[in-house]
Amino acid sequence: MNNISLFEPHAMGSIQLENRVVMAPMTRTRTSLGDVPNAMMAKYYGQRVSAGLIIAEAADIAPHGKGYLWTPGIYSDAQVEGWQLVTKEVHQNGGRIFLQVWHVGRMSHTSMMPDGQAPWGVTDVQAVGSDVFAHDANGRLTFVPASAPRMLGTEELPGLVGDFRQAFRNAAKAGFDGIELHSANGYLLEQFLNSTHNTRSDQYGGQTPENRSRFLLEVVDAAIEELGADKVGIRLSPFGRYNSTPEDPFAAETFFYLCNELNRRGIAYIHLLYQLMPVGNMQEVTKFEEMHLPDEFVKKTRDIFKGTIIWCGSFTKDAAQFALTTGWVDLIAFGRPFIGNPDLVARFKNNWPLTVADRSAYYTRNGEIGFTDFPYFDPAQEIVL
């Protein structure tokens, strides 16, 4: 057992982190028109710089990668300028921030796609039973079923890698310390990895770990070429069933193949969903299922991958501290606790009480309400101000 504290520094490649608490990426739907980040978002992230690392909410690499209304993009000049407000605020306050980038694949709706086209899928199989955040038939902002996708042609994939590459360039221009590839939770990159879902017959098909990992590794290589390996992280959810992801009998085989390839490339970190998310969508579930990755699985991950490993999944402070003592993990990511507690690290360190944010405010458009209006704890008055 190790005696590592949650509040000790950690060297993640060339980046020095002040502690081992990570703010997990969380969609908050507070962008301005054109999916542009704004001053309010800069304030939100600036309030939370005590995290050793902030991973900003997922940003669309292109209009065709969008699956939820009011999520930010990283493809237009205005979006880059908006993100510059965020990174400047974080850096001025001594923080470190990576941008999570994604393409949702089949997890979209025709109303959000350019020209009303079908979502882009690894196959044409619809994500039945999973919803996306869009306008319903009455124009109300709510969750609606994902539309049936079309299968991407093999000839389209190099252009899609190019869209990711441009997003990486834009992230650097916006001032981020690095990027995290969202290859979890049933979105495009994980759709390729899943051997049950990926029934393609081309070189990106699901028959072998090499083929089903090929597209993801092409994207990783593009990120490394643009940013350097130590500025690249990846989020993975092995055995996850979120967003109608089917059970995959070869999940471990694919994952460990990837671990070897990512270790060989020397990327900064692997961000694992240690406690698995629900099968449905988060709006239908109040807590994670009590199912963790098996110990032997995480020990093998640690044996293979020599970079930083982050775990995420409903950790408490005590559970996070215990996890670090195993030596299998370097950093612990917290999501929802950061919503209501901008000073989460200080609250952990001093055993101050935590504020539980009202779930109804997670995805609203009510300005600062439920977003930047959560106060720091004042120990002098022993009340929240």
Side-chain angles (χ1 to χ4, degrees), residues 1-13 15-26 45 47-57 94-98 100 180 184-185 233-240 268-278 282 285-302 305 307-357 374 376-377 379:
M1 303 289 279
N2 296 319
N3 293 319
I4 298 173
S5 166
L6 196 59
F7 311 110
E8 287 182 22
H10 174 71
M12 189 176 73
I15 299 175
Q16 185 71 22
L17 306 181
E18 293 300 313
N19 57 63
R20 294 165 185 261
V21 177
V22 176
M23 179 178 168
M26 293 176 287
Y45 285 110
Q47 291 172 334
R48 290 157 174 80
V49 294
S50 64
L53 175 65
I54 294 172
I55 306 173
E57 61 205 275
R96 299 286 194 177
I97 184 167
F98 274 43
Q100 189 182 71
E180 175 180 285
N185 298 357
I234 186 167
R235 196 178 212 213
L236 297 164
S237 56
F239 310 116
Y269 69 78
I270 289 176
H271 183 181
L272 281 181
L273 284 173
Y274 176 70
Q275 188 177 16
L276 302 185
M277 293 179 71
M282 288 303 290
V285 182
T286 58
K287 64 179 182 178
F288 281 56
E289 296 297 323
E290 292 296 329
M291 188 167 86
H292 300 84
L293 293 175
D295 285 357
E296 290 304 316
F297 183 90
V298 295
K299 282 193 283 187
K300 185 173 180 179
T301 304
R302 174 83 286 176
F305 186 73
T308 294
I309 295 177
I310 305 171
W311 283 353
C312 183
S314 289
F315 279 95
T316 62
K317 172 195 168 182
D318 290 342
Q321 186 58 67
F322 178 78
L324 290 176
T325 66
T326 65
W328 305 337
V329 61
D330 303 291
L331 308 173
I332 304 293
F334 298 85
R336 286 168 287 178
F338 263 113
I339 294 177
N341 303 278
D343 54 343
L344 183 66
V345 175
R347 295 194 188 216
F348 279 163
K349 188 177 293 186
N350 296 285
N351 293 314
W352 293 336
L354 300 185
T355 298
V356 178
F374 292 101
Y376 289 5
F377 184 77

Next on the checklist: If you count heavy atoms of other groups shown closer than 6.0 angstrom to CD of Gln321, is the number above 12?
Outcome noted: yes

Checklist entry - Would you say Ile339 and Phe374 make side-chain contact, with heavy atoms under 4.5 Å? => result yes

Checklist outcome for this item: Exactly one candidate in Thr308, Ile234, Ile310 meets side-chain contact (heavy atoms from CB on, under 4.5 Å) with Ile270; the answer is Ile234

Next on the checklist: For a 4.5 angstrom cut-off between non-hydrogen side-chain atoms, does Lys317 reach Asn351?
Outcome noted: yes

Checklist entry - Taking C-beta and beyond as the side chain, do Met23 and Tyr45 meet within less than 4.5 Å on heavy atoms? => result yes

Checklist entry - Just by distance, do the side chain of Arg347 and the backbone of Asn341 share a donor-acceptor pair under 3.5 Å? => result no

Checklist entry - Sub-3.5 Å donor-acceptor pair from the side chain of Arg302 to the main-chain atoms of Phe305, do we have one? => result yes

Checklist entry - For the residue pair Phe98 and Tyr269, does the interplanar ring angle fall in the parallel (under 30°), tilted (30 to 60°) or perpendicular (over 60°) class? => result tilted

Checklist entry - Any side-chain heavy atom of Ser5 within less than 4.5 Å of one from Arg20? => result no

Next on the checklist: Between Gln47 and Tyr376, is there a side-chain donor-acceptor contact under 3.5 Å, judged purely by atom types and distance?
Outcome noted: no

Next on the checklist: Any heavy-atom pair between the side chains of Asn185 and Leu273 that's under 4.5 Å?
Outcome noted: yes

Next on the checklist: Check the orientation of Phe377 and Trp352. Use parallel for under 30°, tilted for 30 to 60°, and perpendicular for over 60°.
Outcome noted: tilted

